[in-house]
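Below is one structure, written out as structure tokens; the observations come after it.
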Amino acid sequence: MKRSLRTAAALTAVAALSLTAAGCAQSSGTASDKKLSIAFVMGAESDPFFQAMKVGAQAEAKAEGVNLIWQGDASHYDVATEVPIVDNVIAQKPDGLVLIPTDPTGLQASSDKAVAAGIAVANVDTHVNDLSKVITFITGDNGDGGAKAADAIATKIGYTDGKKYEVVVGLTSATATTNVARLEGFKAAVAAKYPGIEIKDVAYSASNPQTASSNVNNWLTKYPNLSGIFAIDGTNASGAASALQAKKLTGKIALVGYDAYPANVALIKAGVFTALIAQDPAAEARLAIKTLVEYIKKGTKPAQRDVVIPNVALTADTSAADLAKYTYVASK
Amino acid sequence: MVDSKQGVSSPKQSSEVGAKISRLLQNQSILLVITLVILGLFFQWGSNGIFLGLGTLGTVLTDWGSYILLAVAQTFVVITGGIDLSVGSVVSLSSVIAGWVLVNGMHADASITGSAANGYLLIATLVSVAVGMIVGLVNAFLINVFKIVPFIATLATMGAAAGLAIIISGGMPLQGPDNHDLGIDWVVGGVELPMSTTVLVVLIVTVIAGLFLHKSRFGLYTFSLGSNAFATRAAGINVERHITKVYVLSGALAGLAGAYAYIRLGAGSPSNGMGMELYAIAATVIGGASLMGGVGRILGVALGTLVLFTVQSGLLMMQVFQVSPDWKQVIVAILIAAAVAVQTFQNKNGRK
């Protein structure tokens with residue numbers, strides 16, 4: 001579903017973002033009688049992705065003059081912990097709810113309940129099964145990110161048809177939806193464009209960078225001719241970077257990571273990362289709040305409900321301004 | 001059982017040999033060494049002959065270094081009949097605070113590398129150990145003053161420490177000065193040896209901790225507390241004070257493991273210790289310590305940790321047939337169950 005939306009929606013995203021920027025400046029003047037409140041509910045609130053999203057949400061809430069209710073289980077990305085949190089938030093009667101469902105089916109009832117209570121609901125990152133009552137669904141394109149990673153590795157190794165290359169992929173777990181989408185995008189791009197690349201192995205880090213690092217150490221022994229590593233999230237990126245640095249193999253093996261932690265962005269310049277695929281969670285959050293506030297105040301729905309904000313590949317050639325734009329900012 | 005009238009020498013001899021073998025198998029450390037040899041040969045076959053080498057040993061020992069301090073910490077606590085679930089979060093929190101002190105406190109960034117970073121890393125280590133000791137003190141306070149069972153008390157600090165690590169770091173790795181050479185295997189005459197400075201330090205700490213547990217009065221009290229807390233109190237030992245010391249020691253060792261993680265990764269990340277407590281407990285149990293208290297040996301736990309990470313590396317190296325990473329958890333679980341089953345069997349035999 002995501003992929004079919006991509007092309008059209010990418011353009012919408014750009015347009016919507018510029019609207020956001022324009023909107024921010026005006027909205028401070030339009031003070032309404034009652035201060036609106038917008039709730040944001042996610043799983044695994046501590047994930048740097050959500051922390052970066054929080055920065056965007058806070059900035060937009062301030063610009064729009066709305067109260068932000070930011071709630072989520074600290075560490076569990078789990079439907080069982082998210083449902084009671086959504087229920088509690090609905091009881092607080094916010095005007096809008098930005099829901100990041102940990103499960104499309106499990107959170108459907110909570111989403112419907114919020115709509116029934118007169119709360120405007122938006123989905124960000126992931127979505128509930130039935131989007132008909134949801135005002136907008138904004139997401140990053142993880143499949144596209146995986147494809148960009150394949151391109152970056154192919155460029156680095158100087159891919160030539162007819163030659164054979166071995167690559168491995170470091171995941172966090174078999175079930176993290178973003179991991180799955182990125183891996184699918186990666187595999188599809190490899191199959192379509194780089195048939196000489198063979199994905200030899202995958203391993204899990206269980207969110208621990210030390211485990212990610214030893215996975216890479218073991219791979220270096222197992223595959224002496226390894227050409228590239230796709231480290232599918234921030235944890236794997238950190239672990240793989242330290243393993244390659246320790247073995248003094250930086251630059252010799254293509255390493256493409258995910259998530260623009262400041263520490264990892266600095267390692268692009270140092271040549272440790274061939275590329276980092278970055279999402280823009282802050283932009284997703286800003287757009288969600290912006291869209292909800294507009295709907296609540298004026299009753300206008302966005303022209304296109306589903307918006308996909310593309311991932312970008314940060315490389316040594318990326319301008320300093322773009323690097324700064326996409327680097328995750330630690331939340332306060 | 002044997003009819004004495006049959007009085008031939010051969011069954012007697014064989015029963016003596018049997019007794020000798022069964023006595024050897026009573027020894028968890030010997031069992032673990034045998035297990036290691038079998039695993040080594042199996043993975044050597046399964047990896048098409050690449051597993052048994054200095055490179056793999058180096059990787060296994062690097063992982064061993066990450067976990068052994070937590071397993072040793074757990075051993076002390078488990079012998080008293082308690083458990084310390086907070087050790088993994090202490091790794092995260094201590095490495096994050098160490099990173100924070102260097103980056104925000106001393107304004108030293110990742111551009112400081114090589115031996116120029118050593119002074120900073122020493123400070124990072126001291127900070128990490130101090131953080132661990134503070135968490136240990138909190139654990140002891142909850143257990144002694146509020147009489148909360150160790151499982152719940154340390155579950156609470158586990159959550160709190162993990163949360164604080166996220167708050168302080170903003171959810172991202174704090175990258176500061178680092179000297180990668182400390183964690184890199186030594187190269188002597190072109191040969192990469194399976195030993196690095198950090199692993200050597202951890203090994204020395206482990207040996208000292210072993211001597212401390214098995215040869216000192218402190219160790220004696222620790223065992224006595226787990227065997228019979230009532231009798232220990234009756235013997236005039238200040239049980240609360242000793243519990244405090246054990247949990248502070250556990251925290252200190254976990255803090256040291258946090259410094260190890262910082263040096264290994266060059267960053268204090270709130271996920272540096274993610275899930276480590278469970279592996280530490282598994283290694284402790286595989287090493288022959290009993291969660292019922294009163295039983296445990298550092299040598300066994302050191303070997304148990306080695307078994308655990310030999311399996312982790314070995315499964316990834318398999319080439320004759322690839323082992324999906326999904327099976328890794330299942331295999332580790334079977335290993336733990338087998339270790340406990342062997343223990344129960346030994347206890348039954350020992351009681352005869």
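Just so we're on the same page: letters track the sequence lines, and every chain starts at 1.
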| Separation of B:Gln175 CD from A:Leu267 CG (nearest 0.5 Å) | 5.0 Å
| note | Looking only at A:Ala241, A:Pro224, A:Ser242, A:Ser205, most heavy-atom pairs under 4.5 Å shared with chain B are made by A:Ser242
| Would you say B:Gln319 and A:Lys200 make side-chain contact, with heavy atoms under 4.5 Å? | no
| Region of A:Ala203 that comes under 4.5 Å of a non-hydrogen atom in chain B | both
| With a 4.5 angstrom heavy-atom cut-off, which part of B:Ala267 approaches chain A: side chain, backbone, both or neither? | neither
| task | Please state whether the side chain, the backbone, both or neither of A:Ser207 comes within less than 4.5 Å of a heavy atom of chain B. | result | both
| message | Give the interface residues of residues 324-334 of chain B toward chain A, defined by a heavy-atom separation under 4.5 Å. | response | B:Pro325, B:Asp326, B:Lys328
| message | If you count heavy-atom pairs within less than 4.5 Å of chain A, which of B:Ile50, B:Asn272, B:Leu315 leads? | response | B:Asn272
| field | Side chain / backbone / both / neither for B:Val103 at chain A, heavy atoms under 4.5 Å | value | neither
| remark: Minimal heavy-atom distance between B:Thr56 and A:Thr221, with the atoms involved, is OG1-CG2, 3.9 Å
List the atom pairs, with distances to 0.1 Å, where a side-chain N or O of residues 176-185 of chain B and a protein N or O form a donor-acceptor pair under 3.5 Å, not counting sequence neighbours.
| unit_1 | atom_1 | unit_2 | atom_2 | d |
| --- | --- | --- | --- | --- |
| B:Asp178 | OD2 | B:Gly266 | N | 3.4 |
| B:Asn179 | OD1 | B:Asp181 | N | 3.1 |
| B:Asn179 | ND2 | B:Asn118 | OD1 | 2.9 |

| Shortest non-hydrogen contact from A:Asn208 toward B:Met276 | ND2-CG, 3.5 Å
| request: Enter the distance from A:Asn218:CG to B:Met317:CE here, rounded to the nearest 0.5 Å. | output: 4.0 Å
| Taking every non-hydrogen atom, the tightest pair across A:Pro209 and B:Ser271 | CD-O, 3.2 Å
| Test log, rule side chain to side chain contact (heavy atoms under 4.5 Å, CB included), inputs A:Asp201 and B:Leu316 | CA-CA 9 Å; A:Asp201 208 359; B:Leu316 203 145; 4.2 Å; yes
| field | All pairs passing side chain to side chain donor-acceptor pair (under 3.5 Å) where residues 61-74 of chain B contributes a residue, at least two apart | value | A:Gln210-B:Ser66, A:Ser214-B:Asp63, B:Asp63-B:Arg264, B:Ser66-B:Arg264
| message | Would you say that A:Pro262 contacts B:Met172 through its side chain, given a criterion of any heavy-atom pair below 4.5 Å between the two side chains? | response | yes
| Between A:Ser173, A:Gly234, A:Ala266, A:Ser213, which residue shows the highest count of heavy-atom pairs closer than 4.5 Å to chain B? | A:Ser213
| Contact leader toward chain B among A:Tyr261, A:Tyr223, A:Tyr204, A:Trp219, where contacts are heavy-atom pairs under 4.5 Å | A:Tyr204
| B:Gly55, B:Ala261, B:Gly275: which one forms the most heavy-atom pairs within less than 4.5 Å of chain A? | B:Ala261
| query | Given that the side chain runs from C-beta out, which part of A:Asn217 has a heavy atom under 4.5 Å from chain B: side chain, backbone, both or neither? | reply | both
| Side chain, backbone, both or neither: which part of B:Ile166 has an atom under 4.5 Å from a heavy atom of chain A? | side chain
| Going from CG on A:Asn215 to OG on B:Ser313, what distance comes out if it is rounded to the nearest 0.5 angstrom? | 8.5 Å
| query | Looking at residues at least two apart in the chain, or sitting in another chain, which of them share a side chain to side chain contact (heavy atoms under 4.5 Å, CB included) with B:Val191? | reply | B:Leu54, B:Leu193
